[in-house]
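Everything on this sheet refers to the single structure shown next.
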Amino acid sequence: MRIDLHTHSSRSDGTDNPQELVRRARAAAIDVVALTDHDTTAGWDEAQAAAGDGGITLVLGLEISCRFAATGVHLLAYEPDPSYPALDAELERVLAGRNARLPTTLHRLRGLNIDISVADVRAVSADAAATGRPHVADALVRLGAVRDRDEAFDRYLSPGRPAYVDRYGADLVTMIGLVRDAGGVSVVAHPWGRSSRRVLTEAAFEQLRDAGLAGIEVDHNDHSARDRAELAAIADELGLLRTGASDYHGVGKLGHPLGCNRTAPQQYEALRQRVREATRAAGSL
Ligand code: AMP
Ligand code: ZN
Ligand code: FE
Ligand code: FE
């Protein structure tokens, strides 16, 4: 069984539409794929329609932009009911924060003599529920200001670079509770990638587990072999599930092909069990 629990479509900042994503996963001999767009479930219906053709199991998820100890942390949420009002309201706030940031980003770029309009960014993000930095990067590529997304982040869009603008993120502990109350299961995405390493200590994971966290994404390309071994030990110690995934973004993120990291079948089965329990508990609230 090849199980990949973290992928993005063009409903956020991936480059395949949800149908293409499911088709490619099937072609890559993936048995179980989770669609986890940033802060939106907009791709779920199309992905489900494509998975209905058979040959693959689709897990409905999303990757939610959160905050913990003043640091950005991404939370993977599997199978929550997106119509649960408190979850829906919080996702709306996050998406609004994404869109609100864009004019400031573009203003900063104009200060660097790079002239991109909101319409230019919309032209490269027409399918997306909200804009992200990768879309600004694509507009910069289209203008010829940079070669690719990586160069756009390195020169302009990463924290500390001149066009970086912070935005709203949901409180992580609160969000873990909302996902659970909505009948879903949560897993911290790439905890030791980029910025969140400092704040996600073993003690922090213990606090998150007590708030309802189900697992840690251990196998991710942002983690070294040593990170993976240490995170796996923390997960085992705390009774958290261990997942692995590609964080595929189509051609938008190089070096993250579908299935490049995978979740072990027993871990996946345990995650399914947690979803069943959460769904049952939410139904009886
Ligand atoms: P945003 O959600 O708008 O803050 O943008 C974050 C997204 O940008 C994530 O999906 C990352 O995959 C992507 N990203 C972050 N850093 C880089 C980078 N250096 N090169 C390419 N993509 C990046
Ligand atoms: Zn992304
Ligand atoms: Fe992420
Ligand atoms: Fe991701």
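Basis for what follows: all heavy atoms, side chains included, without hydrogens, waters or symmetry-related copies. One-based numbering, in listed order, for ligands and for the atoms of each. This chain uses plain numbering: 1 for the first residue, then up along the sequence.
- At least one heavy atom of Arg167 sits less than 4.0 Å from an atom of ligand 1.
- Backbone or side-chain N, O or S atoms of Glu63 reach the Fe ion (ligand 3) at under 2.8 Å.
- By the 4.0 Å N-to-carboxylate-O rule, Arg272 lies too far from Glu269 to be salt-bridged with it.
- Contact check on Arg242 versus Asp219 returns no salt bridge, with no Lys/Arg side-chain nitrogen under 4.0 Å from an Asp/Glu carboxylate oxygen.
- Between Arg24 and Asp16 a salt bridge is recorded (basic side-chain N to carboxylate O distance below 4.0 Å).
- Distances from the Fe ion (ligand 4) to the N/O/S atoms of Asp247 are shortest for OD1.
- Scanning the protein for heavy atoms near atom 10 (O) of ligand 1, the closest one is His38 NE2, 2.8 Å.
- In the hydrophobic clustering of this structure, Val185 does not group with Phe205; members are Ile, Leu, Val, Met, Phe, Trp, Tyr whose side-chain heavy atoms approach within less than 4.5 Å, directly or through other members.
- Numbered from 1 in the order shown, with element, the atoms of ligand 1 that lie under 4.0 Å from a heavy atom of Arg101 read 1 (P), 3 (O), 4 (O).
- Distances from ligand 1 to the non-hydrogen atoms of Arg98 include at least one value under 4.0 Å.
- What sits closest to atom 21 (C) of ligand 1 on the protein, heavy atoms only, is Asp150 OD1, 3.2 Å.
- In summary, the aromatic rings of His190 and His74 are positioned with their centroids under 6.0 Å apart.
- Side-chain atoms of His220 and Asn261 form no donor-acceptor pair, as typed in the model, at a separation below 3.5 Å.
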Practice problem: Give the intermediate values and the outcome of salt bridge (Lys or Arg N to Asp or Glu O under 4.0 Å) for residues Arg142 and Asp120. | Solution: CA-CA 9 Å; Arg142 191 177 263 203; Asp120 294 333; over 6 Å; no

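- Here the heavy atom of the protein found nearest to atom 12 (O) of ligand 1 is Lys253 NZ, 3.0 Å.
- Here the heavy atom of the protein found nearest to atom 6 (C) of ligand 1 is Arg133 NH2, 3.6 Å.
- Under 4.0 Å is where a charged nitrogen must lie from a carboxylate oxygen, and between Arg2 and Asp31 no such pair does.
- Contact of the Tyr248 side chain with the Cys260 side chain is not registered, since no non-hydrogen atoms from C-beta on lie closer than 4.5 Å.
- Panel note: side chain Arg180, backbone Ala211; a donor-acceptor pair is recorded below 3.5 Å.
- Counting heavy atoms under 4.0 Å from ligand 1, residue His8 does not touch it at all.
- Taking 4.0 Å as the cut-off between side-chain N and carboxylate O, Arg133 and Asp138 do not count as a salt-bridged pair.
- If you look at Asp13 next to ligand 1, the close heavy atoms, those under 4.0 Å, all belong to the side chain.
- Those atoms of ligand 1 that come under 4.0 Å of a heavy atom in Gly132, given as number and element, are 3 (O).
- Using a 4.0 angstrom heavy-atom cutoff, Glu63 does not count as in contact with ligand 1.
- Among the backbone and side-chain atoms of His74, an N/O/S atom is found under 2.8 Å from the Fe ion (ligand 3).
- For the Fe ion (ligand 3), the N/O/S atoms of His190 include one lying under 2.8 Å.
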Quiz item: Can Asp154 and Arg161 be said to form a salt bridge (Lys or Arg N to Asp or Glu O under 4.0 Å), step by step?
Solution: CA-CA 7 Å; Asp154 289 348; Arg161 307 308 297 155; over 6 Å; no

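- Atoms of ligand 1 lying under 4.0 Å from at least one heavy atom of His249, given by number and element, are 10 (O), 12 (O).
- Taking 2.8 Å as the criterion, His8 counts as a coordinating residue of the Fe ion (ligand 4), since one of its N, O or S atoms falls below it.
- Contacts with ligand 1 closer than 4.0 Å are made by no heavy atom of His190, backbone or side chain.
- Protein heavy atom in closest approach to atom 18 (C) of ligand 1: Phe153 CG, 3.3 Å.
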